[in-house]
Amino acid sequence: MFFENSAILLCALLGIAVGYTKSPFMSLMYSVMLFINSSFVLMMLGFEFLALVNLLVYVGALAVLFLFVIMLLEIPATELRAYSRGWSTLGVFVFIINGVFQITPSMGPRGIINGLPGAESITNLGHALYLYFADLLILNSLVLTVALFGAFAIAPVRTTGR
Amino acid sequence: MFWNSIVELDLCIGLLLLILYGLLSLRNGHVSLGHIRFVCQAWLVLITPLEVQDIALCVLTVVLLQSFHSFEALLFLLLAYIGQLYMMHSCNLVSFYVCLEAQTLCVVVLCGLLARGASTSFSVEAALKFLLLSAMVSGMALFWFSAMYQRTGSLDMVGQETFWILLVMLFKLGVAPMHMWSVDLYGSVPKSLLLYLSTAPKLSLFTFWAASWHHDFSVGVFILFSMLIGSIGAYGQPALRSLFAYSTINEIGLMLLAVETAGFHTLYQHLGIYIITQLLLWNLTDKRLFALCAVSLAGLPPFAGFFGKAWIFWHAMSVQAFSLLLAALFCTVLSLVYYLRVIRLFWTAPVHTAASFAGAPNQTTLTSACAVALAFAPVMLVKPFII
């Protein structure tokens with residue numbers, strides 16, 4: 001359990017670093033390292049599907065989104081307000097708590113299907129999504145269709161000419 | 001389990017064909033909206049399986065489809081119908097959530113879709129409020145689903161997290177500490193959507209509750225809240241819509257009393273009478289008939305509303321839930337006054353000052369069917385008092 005605990009402690013340290021720098025770009029870099037670290041922790045605990053999805057969504061979409069935001073603002077002229085207001089003290093507090101109490105999760109992935117005890121999480125997920133809850137998957141596609149079609153239907157129709 | 005999903009696939013393929021038919025043929029001059037509406041209603045009747053609550057939902061949706069005038073609205077009603085159909089038969093929390101989201105999203109989109117003309121900003125504001133509140137509440141439900149799964153490893157309804165999930169269900173019904181969205185929504189939504197909103201989601205949610213929802217605490221607090229707020233809150237309302245929104249909260253409190261005393265037969269009876277009354281209420285163009293529907297909602301004797309309420313009270317008495325029964329009777333008496341005020345306004349006041357409202361002109365068959373049902377239902381319902 002030592003490696004997991006130290007990786008989680010590293011997460012907390014990186015989280016403090018996100019708020020403790022003056023420049024937004026370094027804050028973004030620390031947050032990317034934090035996302036990769038959290039994915040690593042998940043991989044160590046046995047949740048490999050979640051680890052990959054974390055990487056894909058957080059680093060691949062969210063960090064890139066923040067990068068675009070920082071690029072469109074003027075970087076040399078901005079400074080992070082959180083640094084000057086002292087919010088990072090809260091992060092130090094979390095770091096100390098995490099170091100003292102060693103908060104770690106106590107169990108790994110479980111399956112909703114009792115007949116697959118040794119399977120990894122992606123096998124369980126596949127069995128759940130495509131075998132046991134297959135009809136709910138199709139109903140869920142219906143919900144997504146409502147969302148998509150609704151967005152089109154609500155949009156105001158612009159009449160050309162008058 | 002794969003073969004069970006073939007049914008949904010079949011439904012969705014049928015719906016897809018309907019969408020294609022509607023979209024491609026509306027440009028043709030020979031096909032009008034009435035034809036497409038008929039095909040939608042026929043599809044509903046053809047896919048309905050054979051249980052009573054499915055037939056009830058199918059009939060209700062067929063009737064409701066009649067008052068919508070755009071193709072997208074018909075489509076969203078059909079999508080919501082599929083969600084409601086599966087909700088009534090679900091026994092797992094995941095399927096309950098998926099079907100609830102299907103139904104709620106369709107209602108939100110319909111609120112935004114039917115916002116045309118002078119009341120656009122009101123309808124859009126109501127749709128936004130409903131969307132944000134219900135999204136937040138559904139998020140809360142998901143959190144408690146995952147808490148329950150983490151503790152017990154199963155998604156069946158055991159444990160103390162069912163209280164919070166019950167709160168979500170009561171929010172969607174419009175029960176009193178969480179009722180503000182329904183008052184706002186009732187006031188700012190076009191009449192056809194109001195018809196849908198006050199009948200179909202309540203039918204599916206109550207059927208789900210009666211069939212497969214288990215919890216081991218009492219909803220007495222919510223009953224008292226709903227009935228008090230429903231009876232007293234209507235007195236300050238200047239608009240007819242919000243008055244009847246509060247009366248709906250009162251009725252929902254009464255139906256919760258039926259669920260609490262485990263009188264599910266009384267629940268279904270009162271729900272059926274309430275749905276017919278709502279359909280009649282918002283379809284009428286004549287003021288005096290509207291006043292008579294208000295009398296039926298109030299629960300005065302020759303109309304069917306009396307028997308719905310009376311049987312709930314009778315069952316509560318036989319289960320010996322006396323304190324809840326006394327509170328319910330007190331609140332029913334309190335709510336009587338504003339119904340009588342509606343009657344006084346519509347029967348005796350001169351024509352040009354009383355409230356007048358325009359309904360769609362071709363609702364005659366629906367109106368006469370509902371009026372017959374309301375007037376003759378007491379004959380069928382008097383039976384339990386004789387036995």
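A note on names: the letters A, B, ... follow the listed sequences, proteins ahead of strands, and every chain is numbered from 1.
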Please flag which part of B:Leu75 lies under 4.5 Å from any non-hydrogen atom of chain A: side chain, backbone, both or neither. side chain
First locate atom CG of A:Leu142, then atom CD1 of B:Ile82, and finally report the distance between them rounded to the nearest 0.5 Å. 5.0 Å
Heavy-atom nearest pair, B:Phe76 first then A:Val146, reads CE2-O, 3.9 Å
A:Phe66, CZ atom: more than 12 neighbouring heavy atoms under 6.0 Å: no
Which of residues 96-108 of chain B get closer than 4.5 angstrom to chain A, counting heavy atoms alone? B:Val98, B:Cys99, B:Glu101, B:Ala102, B:Leu105, B:Cys106
Most contact-rich option vs chain A, by heavy-atom pairs under 4.5 angstrom, among B:Leu15, B:Val109, B:Ile19, is B:Val109
OH of A:Tyr30: more than 12 outside heavy atoms within 6.0 angstrom? no
Just wondering, do B:Asn92 and A:Phe133 contact through their side chains at under 4.5 Å, heavy atoms? yes
Crowding at CH2, B:Trp43 (>12 non-hydrogen neighbours, <6.0 Å): yes
Can you confirm whether A:Phe149 is buried at CZ, in the sense that more than 12 heavy atoms of other residues, nucleotides or ligands lie under 6.0 Å from that atom? yes
Between A:Phe152 and B:Glu72, is there a side-chain heavy-atom distance shorter than 4.5 Å? no
Please round to the nearest 0.5 Å and tell me the distance separating atom OH of B:Tyr86 and atom CG of A:Leu136. 10.0 Å
